[in-house]
Amino acid sequence: FGGAQDIMSLGQAHAVKPRENFIYTMSMYLLYESSSGYGLFEAHGLDEIGQNTEAVRSSVSDLSRFGRVVQLTAFHPSESALDALNQINAVSEGYMSDELRSFLELNLPKVKEGKKPKFSLGVSEPKIGSCIFEATKIPCQSNEFVHELLRGVRQHFDRFIKDLKPGDLEKAQLGLAHSYSRAKVKFNVNRVDNMVIQAIFLLDTLDKDINSFAMRVREWYSWHFPELVKIVNDNYLYARVSKMIEDKSKLSEEHIPMLTEVLGDEDKAREVVEAGKASMGQDLSPLDLINVQTFAQRVMDLADYRKKLYDYLVAKMSDIAPNLAALIGDMVGARLISHAGSLTNLAKCPSSTLQILGAEKALFRALKTRGNTPKYGLIFHSSFMGRASAKNKGRIARYLANKCSIASRIDCFADSSTTAFGEKLREQVEERLEFYDKGVAPRKNVDVMKEVMENLEKKDEGEVKAVEGSEKKKKKEKRKAEEKDEEVEEEEEKSKKKKKKSKVVEEEVTTDNAHLIAGDYDKAAYDVIMMTVDARFINSL
């Protein structure tokens with residue numbers, strides 16, 4: 001079969017030619033993940049000999065030929081834009097969602113236990129194929145032939161789905177692409193180290209700018225007060241003192257307390273005042289002094305901002321790479337991350353590469369000239385390198401690079417953030433220095449790591465017990481509160497019962513009094529009647 005024949009001609013040849021020339025294969029289904037949902041297609045009339053990618057590539061563009069071989073079996077649309085984003089995230093991570101599993105189990109032939117399935121599922125990514133096979137035992141394949149078939153499905157997908165309007169698929173693709181990219185940029189944990197990279201770059205730039213600006217302040221103000229340069233050596237303090245003094249001719253004993261507060265030394269403050277009185281500098285106009293003071297204030301502001309930026313970098317390093325910062329320091333650790341490009345790239349570097357990070361020029365020059373290769377790069381700025389003797393600097397650099405590689409991998413791939421590993425690795429470097437100086441044997445790395453793990457487990461157990469104890473206390477407090485509420489309710493019920501009894505007694509008493517009163521009224525009326533009867537009887541007589 002030549003490459004010019006298309007899939008349909010291969011299928012027809014399959015039906016006409018003798019059986020001994022062909023190897024019949026199982027039926028194939030194709031899973032296509034689109035922006036609007038999942039599509040399941042069935043490919044007819046395919047065989048192993050006919051799986052020629054060139055033949056497929058030449059016939060994919062013609063829908064009349066391609067549509068006879070590949071047909072739509074089922075389509076599962078996405079419920080919303082959020083659902084489409086969740087599905088595409090699952091596919092990109094090689095995870096099969098519940099919706100995809102139910103869709104495949106509903107529309108594919110059932111796989112019987114103990115029997116080989118008579119079909120296969122073509123997928124675009126091998127990861128999602130292996131996940132589908134592990135969960136459902138559906139055989140999956142991903143090769144060039146499947147990719148060409150899926151390319152044809154992608155090209156003619158809007159023709160297979162009849163309800164799609166022109167332009168709907170492009171809008172869905174554009175919206176999903178924006179949402180997917182936005183989510184990746186926003187929620188990618190590995191890109192948080194970009195803040196450290198930018199901060200260390202800015203720190204280096206600020207150091208250069210502050211030094212150059214401070215030298216400019218010294219040169220500018222020295223025309224007015226040249227003796228101040230020898231008295232105050234620090235650039236930041238020089239800018240503050242020049243801002244405070246302004247005009248040297250106005251210096252007096254009243255300025256000593258303020259200068260003492262800035263310089264921290266009363267003798268230096270008196271020396272500045274005396275030097276101002278006998279200075280050989282030129283007088284400056286008020287306008288020139290204003291410009292000098294303004295520029296000195298800018299240098300002071302830059303120095304203050306530099307301190308704040310350093311504190312920010314320390315805080316970010318404690319969050320992103322706490323073990324690396326505890327081992328080698330915040331500045332050196334940030335420079336390693338910046339030079340590698342990210343914490344993930346640094347974690348992927350072997351210790352031999354990490355050892356010479358920052359010395360690439362020297363390395364390639366040594367390889368070119370066949371000289372000695374460099375022993376250290378950025379890690380030379382670590383305090384351990386300064387404490388090691390000249391003959392042991394290469395050994396300490398190699399050992400320190402090994403520990404930095406371990407710390408960076410723990411920071412990158414660990415679930416929880418802790419400095420326990422970095423502190424123990426730092427202790428190991430200290431022990432190695434003592435071993436080179438005094439010959440004291442250091443501990444093994446396996447034992448140290450076991451000790452750290454045990455300490456962390458004990459700490460977790462203590463936290464769990466503390467949480468359980470606090471929960472028990474809360475439960476006891478709740479029980480006490482409930483018991484108090486019950487007691488209050490019982491007392492209220494008792495008081496209500498007493499009130500009811502008192503009301504009943506009062507009612508009985510009132511009724512008895514009413515009867516007594518009614519009886520007295522009856523007796524009085526009887527007596528009156530009898531008296532009138534007696535009077536009439538007497539009159540009649």
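Quick caveat, the model's predicted, so the values are computed rather than measured.
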>> Within a 6.0 Å radius of atom NZ on Lys268, are there more than 12 heavy atoms belonging to other residues, nucleotides or ligands?
In response: no
> So Glu148 and Arg151, salt bridge (charged side-chain N to carboxylate O under 4.0 Å, His left out) or not? Walk me through it.
Replying inline: CA-CA 5 Å; Glu148 289 299 326; Arg151 187 173 68 86; 3.1 Å; yes
> Can you find a heavy atom in the side chain of Met449 that is under 4.5 Å from one in the side chain of Gln428?
Replying inline: yes
> Does Asn345 offer a backbone N or O that forms a donor-acceptor pair with the side chain of Ser342 under 3.5 Å?
Replying inline: yes
> Just checking, any donor-acceptor pair under 3.5 angstrom between side chains of Tyr38 and Glu99?
Replying inline: no
> Quick one: do the Asn89 and Glu93 side chains pair a donor with an acceptor below 3.5 Å?
Replying inline: no
> Could you walk me through whether Glu274 and Lys277 pass the salt bridge (charged side-chain N to carboxylate O under 4.0 Å, His left out) check?
Replying inline: CA-CA 5 Å; Glu274 293 174 0; Lys277 293 178 181 180; over 6 Å; no
> Shortest non-hydrogen contact from Ala321 to Ile337?
Replying inline: CB-CD1, 4.2 Å
> Ignoring hydrogens and geometry, is there a side-chain-to-backbone donor-acceptor pair from Ser318 to Ala315 under 3.5 Å?
Replying inline: yes
>> Test side-chain hydrogen bond (donor to acceptor under 3.5 Å, both in side chains) on Arg409 and Ser405; report intermediate values, then the result.
In response: CA-CA 6 Å; Arg409 290 169 187 175; Ser405 180; 3.3 Å; yes
> Taking the side chain as C-beta and beyond, is there a heavy-atom pair between Leu336 and Leu357 under 4.5 Å?
Replying inline: yes
>> Any donor-acceptor pair under 3.5 Å linking the side-chain atoms of Asp209 with those of Ser212?
In response: no
> Do any N or O atoms from the side chain of Asn323 and from the backbone of Gly422 form a donor-acceptor pair under 3.5 angstrom?
Replying inline: yes
>> Does His339 form a side-chain hydrogen bond (donor to acceptor under 3.5 Å, both in side chains) with Glu360? I'd like the steps, not just the answer.
In response: CA-CA 11 Å; His339 200 83; Glu360 288 82 4; 2.9 Å; yes
> Is there side-chain contact between Val272 and Leu263, with at least one heavy-atom pair below 4.5 Å?
Replying inline: yes
> Any side-chain heavy atom of Gln293 within less than 4.5 Å of one from Tyr221?
Replying inline: yes
>> Is there a side-chain contact between Glu33 and Ser124 in this structure, where contact means two heavy atoms from C-beta onward sitting under 4.5 Å apart?
In response: yes
> Taking the six-membered ring of Tyr236, is NZ or CZ of Lys307 closer than 6.0 Å to its centre and within 45° of its axis?
Replying inline: yes
>> Go through it in stages, so that I can follow the logic: the residues are Leu203 and Leu313, the test is side chain to side chain contact (heavy atoms under 4.5 Å, CB included), and I'd like the CA-CA distance, side-chain angles, deciding distance and then a yes or no.
In response: CA-CA 9 Å; Leu203 268 177; Leu313 178 64; 3.5 Å; yes
>> My understanding is that only residues two or more places apart in sequence, or in another chain, count here; which of them pass side-chain hydrogen bond (donor to acceptor under 3.5 Å, both in side chains) with Arg365?
In response: none
> Between Ile200, Asn194, Val196, which is the residue that forms a side-chain contact (heavy atoms from CB on, under 4.5 Å) with Gln198?
Replying inline: Asn194
> Is NZ or CZ of Arg216 both nearer than 6.0 Å to the six-membered ring centre of Phe295 and within 45° of the ring axis?
Replying inline: no
> Just by distance, with hydrogens left out, do His147 and Ser142 show a side-chain donor and acceptor under 3.5 Å apart?
Replying inline: yes
> Is a donor on one side and an acceptor on the other found under 3.5 Å between the side chain of Asn291 and the backbone of Leu287?
Replying inline: yes
> Any sub-3.5 Å donor-acceptor pair from Thr353's side-chain atoms to Cys349's backbone N or O?
Replying inline: no
> Can Lys458 and Glu454 be counted as an ion pair, charged N to O under 4.0 angstrom?
Replying inline: no
> Ser34 and Ser36: side-chain donor and acceptor closer than 3.5 Å?
Replying inline: yes
> What's the shortest heavy-atom distance between Ser279 and Glu227, and which atoms?
Replying inline: OG-OE1, 2.8 Å
> Under 4.0 Å between a Lys/Arg side-chain N and an Asp/Glu carboxylate O for Asp204 and Arg335?
Replying inline: yes
> Is a side-chain donor-acceptor pair under 3.5 Å present for Ser408 with Asp411?
Replying inline: no
> So, the side chain of Lys403 versus the backbone of Leu327: is there a donor-acceptor pair under 3.5 Å, distance only?
Replying inline: no
> Between Arg387 and Glu430, is there a side-chain N and carboxylate O pair less than 4.0 Å apart?
Replying inline: yes
> So is Arg298 actually on top of Phe213's ring, under 6.0 Å and inside 45° of the axis?
Replying inline: no
>> Test of understanding: with side-chain contact (heavy atoms from CB on, under 4.5 Å), list the residues that count as partners of Leu456, not counting sequence neighbours.
In response: Thr418, Ala420, Phe421, Val452
>> Can you confirm whether Glu219 is buried at CD, in the sense that more than 12 heavy atoms of other residues, nucleotides or ligands lie under 6.0 Å from that atom?
In response: yes
> Considering only heavy atoms from C-beta outward, does the side chain of Leu100 approach that of Leu31 to under 4.5 Å?
Replying inline: yes
> Is the count of non-hydrogen atoms from other residues, nucleotides or ligands lying under 6.0 Å from Lys248 atom NZ greater than 12?
Replying inline: yes
> Would you find more than 12 non-hydrogen atoms of other residues, nucleotides or ligands less than 6.0 Å from Asn372 atom CG?
Replying inline: no
>> Between His76 (side chain only) and Gly37 (backbone N and O only), is there a donor and an acceptor less than 3.5 Å apart?
In response: no
